[in-house]
Amino acid sequence: MQRWLEARLRRAQAWMRANQNHLLARMKVWGGRLVFWGCAIVVGLAAVAFALLSDKAGETFVHFAERFPWLPFVLTPAAGAALLWLTREYFPGVQGSGIPQVVAEIRRPAQGPWRPLVSLRIAQGKIVLGVAAVGAGFSFGREGPTVQVGASLMAAAGRFMPTTLRIHRQHLLVAGGAAGIAAAFNAPLAGIVFAIEELSRSVESRLSGVVIAAIVLAGVVAQHFLGSENYFGRVVFFGESNELFYTVLVCAVVTGVAGGVFARMLLIPVTGWKGRLADFRAAHPYAFVVFCGLLLAALGTVSGGVTWGSGFTEAEALLSGREEVPWYFGPAKFVATVLSYLSGLPGGIFAPSLAIGAGIGQDLLPLLIDHAFPTSVLVLCMVGFLAATTQAPITAFIIVMEMVAGYSLVMSLMATALIASVVSRMISKPLYATLAEHMLRQQAPVEPK
């Protein structure tokens, strides 16, 4: 018996020695997968934290602005100047939405100097400064910035993944960005489509699995903390009808023109902005952001505070019909978001775009009330304005459909998004692609440390 056990032990030791390298390689692969899955969960947690902090910051600002009407005229311009200084001095690369930065990082040249646009420092700055900007009364969302946060976290995790996994850095950036948008909107299908349409124009089979895995894990975390309800809850529709074609056409053309103008205004700084105001912005950026802050404070005060924050509360109120929203909400939110974006602070435009679209739909209701249910008009205008702004109709259609469970309007949503995007292209260049190209051109040499 003893000899038999010794023989078995020797055989086991021999097998271990012969397969040691294979076992180590397998352990590295599984270790890398655990790192990737863990990072996807972290992206979901970051999206949840960003959402909760942003909502709380916006609610707190509105609460104190109602109690102290003078507060926005002091806090908004002062905080704007302070946040711009922090952005330029400590967190370069966090300005704006965050989606163009990820697109530029994916397309970065293999050789030459490069100032990183995704990093743990940038992720930290994006969340902290983004929350602070919303808490100071700027008209920003947190969905676009979550894309940059997710890409930054995933790129950092790439350092701990073995090369045997064969997951390239570009794959991690796409997966992190897609997971971020999926968790931010609680819309996993939107994350997949966003990865294909915006971040990566062609997705190979291996990348598809990486993206889906990240989206699933981040989405599970987001649903655990935020619930399984849609972004805007359940909205009641009458569904498709013959008369809805007229509504689709009107909503698509109006939001296509409005969204095209909106995107063109956001692109002004990178498409040859000239004049006294442009010179003033270039020469005195801090004075310019103070000027924008004062205008935002005045606009918010005059409009009863509907222009502050992301616009989620107002859009939800319009869709639910529980509260009255003034007719000027859409135009005022349009102006507030343009001012906020031109200030140079970090913040997204997804949520404000949806809110503007809802506001436009509210103003079109008297014209279309005999042809469609009111919430149908609102949702069609939301998808139309978002598609026109981003010129990513498939992403816009999927996001809105998942947010409001608008499966009964699927054909109308698709048609509105497509038409609005085509109309927008006649007015403006693609927003995120143009900003990304500008960032690629403006990359300055990295200074030696």
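Residue pairs meeting the side-chain hydrogen bond (donor to acceptor under 3.5 Å, both in side chains) criterion with at least one partner in residues 74-103, sequence neighbours excluded, are absent. Every pair passing side-chain hydrogen bond (donor to acceptor under 3.5 Å, both in side chains) that includes a residue from residues 126-136 is listed here, sequence neighbours excluded: Lys126-Gln148. Residue pairs meeting the side-chain hydrogen bond (donor to acceptor under 3.5 Å, both in side chains) criterion with at least one partner in residues 388-400, sequence neighbours excluded, are Glu197-Thr395, Gln391-Ser424.
Contact of the Pro346 side chain with the Phe140 side chain is not registered, since no non-hydrogen atoms from C-beta on lie closer than 4.5 Å. Between Leu173 and Met154, every side-chain heavy-atom pair lies at or beyond the 4.5 Å cut-off. Counting heavy atoms from C-beta outward, Ser343 and Leu84 have side chains that stay 4.5 Å or more apart.
Between the side chain of Arg142 and the backbone N or O of Val134 there is no donor-acceptor pair closer than 3.5 Å.
If you take OG1 on Thr337 and CZ on Phe138, they are separated by 12.0 Å, rounding to the nearest 0.5 Å. To the nearest 0.5 Å, atoms CG (Leu380) and CD1 (Ile360) are separated by 12.5 Å. To the nearest 0.5 Å, the span separating CE on Met439 from CG on Leu435 amounts to 6.0 Å. The CZ atom of Arg108 sits 8.5 Å away from atom CG of Leu117, with the distance rounded to the nearest 0.5 Å.
Considering Gln362, Met382, Glu324 in turn, Gln362 is the only one that fulfils the side-chain contact (heavy atoms from CB on, under 4.5 Å) rule with Leu318. Considering Asp55, Thr146, Leu45, Val128 in turn, Thr146 is the only one that fulfils the side-chain contact (heavy atoms from CB on, under 4.5 Å) rule with Phe50.
The distance between the ring centers of Phe280 and His284 falls below 6.0 angstrom.
Of all the heavy atoms in Leu153 and Ala46, the pair that sits closest is CD1-CB, 4.0 Å. Counting all heavy atoms, side chain and backbone alike, Ala183 lies closest to Ala47 at CB-CB, 3.6 Å. Closest approach of Ala132 to Leu83, counting heavy atoms only: CB-CD2, 3.7 Å. For the residue pair Val94 and Phe91, the shortest heavy atom distance occurs at CG2-O, 3.1 Å.
Counting non-hydrogen atoms of other residues, nucleotides and ligands closer than 6.0 Å to CZ of Arg276 gives a total of 12 or fewer.
Qualifying side chain to side chain donor-acceptor pair (under 3.5 Å) partners for Arg425, counting only residues two or more places apart in sequence or in other chains: Ser421. Here Glu314 pairs with nothing under the side chain to side chain donor-acceptor pair (under 3.5 Å) rule; sequence neighbours left out.
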Below 3.5 Å, can you tabulate the donor-acceptor pairs from side chains in residues 289-307 to any protein atom, sequence neighbours excluded?
residue, atom, partner, partner atom, Å
Thr301, OG1, Ala297, O, 2.8
Ser303, OG, Leu299, O, 2.8
Ser303, OG, Gly300, O, 3.3

